[in-house]
Amino acid sequence: MKWRACDGRRSTVGLTMFCLFTACLLALPVRAQTVERVDPPNWWVGMKHEQVELMLHGPGIAECTARLSWPGVRLVSSTRGPNPNYLWLTLQVGAQTTAGTVPITLQRGTEAGVLRYELRARAPGSADRQGFVPADVILNLMPDRFVNGDPANDNAPGFTEQADRRLPGGRHGGDLAGMIRSLDHIAAMGYTAIWPTPLTESNQPSFSYHGYGTTDAYRIDPRYGSNADYQRFVALARAKGLKVIQDLVPNHIGSNHWWMRDLPAPDWLSNDNQFVLTNHARTTVSDPYASAADLERFSAGWFDTTLPDKNQRNPQMANYEIQNAIWWVEFAGLSGLRVDTYAYSDPAFINEWTRRILAEYPALGIVGEEWSDNPAVQAYWARGRTQGNGFVSTLPSVMDYVVYTPLAQALAEPETYNTGLKRLYNLLVSDQLYADPGRLVLFDGNHDTPRIFSALDEDPALTRMALAYVLTMKRIPQIYYGTEVLMTSPKALNAFDAFRGDFPGGWAGDIANAFTGAGLKPEQAAMQAWLRKLLNWRKTARVVHEGRLMHFFPEDGCYVLFRFDERDTVMLIINKNNTTTQLATKRFRERLPKGATARDVMSNQRFAVGEQLELPPRSVTLLQIDSPR
């Protein structure tokens with residue numbers, strides 16, 4: 001028979017097999033059974049780590065004995081778990097193995113069948129792929145809320161939640177077809193990388209659109225498209241100069257995950273498969289005074305009643321998660337991973353998870369979410385330093401909530417001796433806690449936060465200040481979809497569904513269209529044009545990608561920052577004053593030589609820098625400085 005997984009997913013792995021299952025204690029007669037799924041569904045020849053562990057699931061499969069004969073491939077072990085419906089096979093795949101379909105014989109008594117497992121050849125240069133770097137600008141989008149390119153897949157057989165665009169927390173129908181259709185627009189805007197929130201299957205009864213409750217980690221949700229559609233999306237994006245970053249969730253699954261119908265082991269989930277809510281005590285991992293009980297509750301607690309926590313101390317669960325991440329990178333051709341709730345995972349596991357992935361792809365981009373405004377907590381996870389307890393993180397990038405959190409407040413509040421722009425200035429002293437602060441990912445917002453335009457009281461001038469800061473700071477910048485057209489949301493921190501509105505023009509009949517400009521208000525069109533120019537300038541602004549940073553203490557409502565190297569200098573001036581401001585330039589002689597000339601990046605006007613610069617009210621001024629000869 002052609003193998004079909006229990007959820008109806010067809011695999012590229014062919015299977016023709018029958019193995020016998022006997023319920024020995026009940027002395028039932030022998031009957032034929034099938035393997036219902038194999039994870040990972042295929043693997044590759046030439047991986048640095050030469051072993052792959054297959055998880056076979058099917059009634060009584062643990063009673064089968066496995067053997068294989070294929071040049072370069074050796075069956076290292078066959079492991080039965082406490083659940084007789086699971087069998088783990090570890091294969092050693094030599095570097096010189098010929099790609100092909102490996103026949104694995106599964107035998108019970110006198111009857112046997114053959115599982116045909118595919119080993120593929122890796123794409124040329126796969127191990128050397130380049131991840132996201134400070135030269136990139138990442139676009140974060142929610143697939144369900146971006147563009148509905150194929151209304152026919154809004155609903156799918158066997159999926160409980162039906163599309164209803166009227167519901168803020170319902171599925172709205174955005175998909176991979178829409179994302180593919182949008183690639184020209186994204187590239188023209190000046191983005192160089194795309195981070196969609198999770199696309200893997202989430203067959204949850206409600207709020208499934210956000211994707212963080214995965215129910216099958218090897219399958220794209222059919223309401224987005226297929227695995228092949230995802231491969232095509234990544235390939236087309238790459239052809240347009242866009243890197244794709246996949247959102248993965250090693251910490252937890254959805255409560256409707258297929259495992260939940262037949263858990264592999266009594267300790268497959270944390271707390272012996274029983275619900276215990278996490279305390280969300282993020283400081284416990286790095287706190288030298290934290291109790292073991294609090295740390296255990298944080299990392300082993302469930303994120304929510306509908307999000308069971310994986311027990312990453314179970315070696316087979318841990319290896320499953322590592323292989324799943326590697327599989328997606330290799331299968332889809334990814335440039336990076338964004339890791340949800342990174343710090344909630346078991347620290348030893350998540351560090352090994354990251355190490356193993358980077359061993360296969362040394363330059364891959366990986367950024368972890370640590371939602372904390374405490375720099376000591378955030379810095380704990382950043383690669384390059386030994387922490388007080390001896391922990392050495394392997395994580396290349398961390399989401400920079402430390403700088404993001406006060407960004408809107410600093411711009412919106414009055415200037416006093418310790419508020420306003422001084423908040424941003426004072427925060428950057430924490431950069432000394434990082435080996436490479438330029439690898440932090442700074443953002444204007446994301447799917448979990450209020451939209452920056454609304455956080456700034458729907459003030460376009462303040463919004464431009466925030467974006468200019470994010471895009472010129474010594475960081476990897478990320479922009480949330482819809483910022484370009486001033487999408488709005490509530491300010492309340494728990495209004496998650498309202499943060500995730502539909503992108504205008506992504507649905508037939510939309511009054512406004514951000515792709516064509518039709519129906520946009522003048523301030524929306526102006527912001528889109530302004531951001532497009534800034535993003536496209538940044539693509540070639542090497543000094544912003546690699547240069548050093550110097551900033552000057554904010555005075556009189558103005559904050560001045562420089563990015564510079566041996567050849568180039570860029571000057572950013574944020575002026576919060578409501579009137580035209582005359583900025584004396586003498587103070588900045590360290591970076592702004594007397595007699596220098598400058599080009600305004602946004603207006604292209606060139607002028608000699610005198611003793612004063614005239615700044616328009618409530619403005620951002622971005623200058624490329626030419627030193628005097």
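Remember, predicted model here, so these are calculated numbers, not experimental data.
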Next item on the list: I would like to know whether Gln624 and Trp537 meet side-chain contact (heavy atoms from CB on, under 4.5 Å); could you show each step before the answer?
Entry: CA-CA 11 Å; Gln624 286 186 305; Trp537 166 79; 3.4 Å; yes
Check: Please walk me through it: do Phe132 and Ser397 pass side-chain contact (heavy atoms from CB on, under 4.5 Å)?
Finding: CA-CA 10 Å; Phe132 53 88; Ser397 304; 4.0 Å; yes
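- Atoms CD and OH, from Gln312 and Tyr320 in turn, are 14.0 Å apart once rounded to the nearest 0.5 Å.
- Under the 3.5 Å distance criterion, the side-chain polar atoms of Asp340 are left unmatched by any main-chain donor or acceptor of Glu369.
- Between Tyr224 and Asp229, the side chains place no donor N or O within less than 3.5 Å of an acceptor N or O (distance only, hydrogens not considered).
- In terms of modelled atom types and a separation under 3.5 Å, the side chain of Asp144 and the main chain of His172 share a donor-acceptor contact.
- Side-chain contact annotation: Ser372 with Gln378, donor-acceptor N/O pair under 3.5 Å absent.
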Item checked: Residue pair Thr341, Tyr212: steps toward the side-chain contact (heavy atoms from CB on, under 4.5 Å) verdict -> CA-CA 10 Å; Thr341 53; Tyr212 289 100; over 6 Å; no
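- Between the side chains of Gln204 and Thr215, no donor-acceptor pair of N or O atoms lies under 3.5 Å.
- Side chain to side chain, Arg37 and Tyr218 fail the donor-acceptor criterion of an N or O pair below 3.5 Å.
- Between the CZ atom of Phe207 and the CG atom of Asp497 there is a distance of 5.5 Å, given to the nearest 0.5 Å.
- Side-chain atoms of Ser126 and Glu330 form a donor-acceptor pair, as typed in the model, at a separation below 3.5 Å.
- For the side chain to side chain contact (heavy atoms under 4.5 Å, CB included) criterion with Arg563, the lone passing option out of Lys474, His545, Arg542 is Lys474.
- The residues Glu484 and Arg532 are annotated as not salt-bridged, no charged nitrogen and carboxylate oxygen being separated by less than 4.0 angstrom.
- Applying the side chain to side chain donor-acceptor pair (under 3.5 Å) test to pairs two or more places apart or on separate chains, none has a residue in residues 512-527.
- Using modelled atom types and a 3.5 Å distance limit, the side chains of Asn227 and Arg219 yield no donor-acceptor pair.
- Remark: Lys533 does not engage Asp600 in a salt bridge, criterion side-chain N to carboxylate O under 4.0 Å.
- Applying the ring pair (Phe, Tyr, Trp, His ring centres under 6.0 Å) test between His447 and each of Trp195, Phe146, Phe499 identifies Trp195 as the sole match.
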Next item on the list: Could you go through the salt bridge (charged side-chain N to carboxylate O under 4.0 Å, His left out) check for Arg500 and Asp448 one step at a time?
Entry: CA-CA 8 Å; Arg500 305 159 180 173; Asp448 284 331; 2.9 Å; yes
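- A centroid separation of 6.0 Å or more is found between the aromatic rings of Phe331 and Tyr230.
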Compile the donor-acceptor pairs under 3.5 Å between side chains in residues 403-412 and protein atoms, sequence neighbours left out, one pair per line.
from, atom 1, to, atom 2, distance (Å)
Tyr404, OH, Thr449, OG1, 3.4
Thr405, OG1, Tyr401, O, 2.5
Gln409, NE2, Glu413, OE1, 3.4

Margin query: Applying side-chain contact (heavy atoms from CB on, under 4.5 Å) to Leu534 and Leu622, what does each step give before you reach the verdict?
Written below: CA-CA 10 Å; Leu534 181 57; Leu622 186 61; 3.6 Å; yes
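- Salt bridge Arg171/Glu161: absent, no basic N to carboxylate O contact under 4.0 Å.
- Just one residue in the list His252, His280, Glu370 forms a side chain to side chain donor-acceptor pair (under 3.5 Å) with Tyr344, and that residue is His280.
- Thr354 pairs in a side chain to side chain contact (heavy atoms under 4.5 Å, CB included) with only one of the listed residues (Pro250, Ser345, Pro396), which is Pro396.
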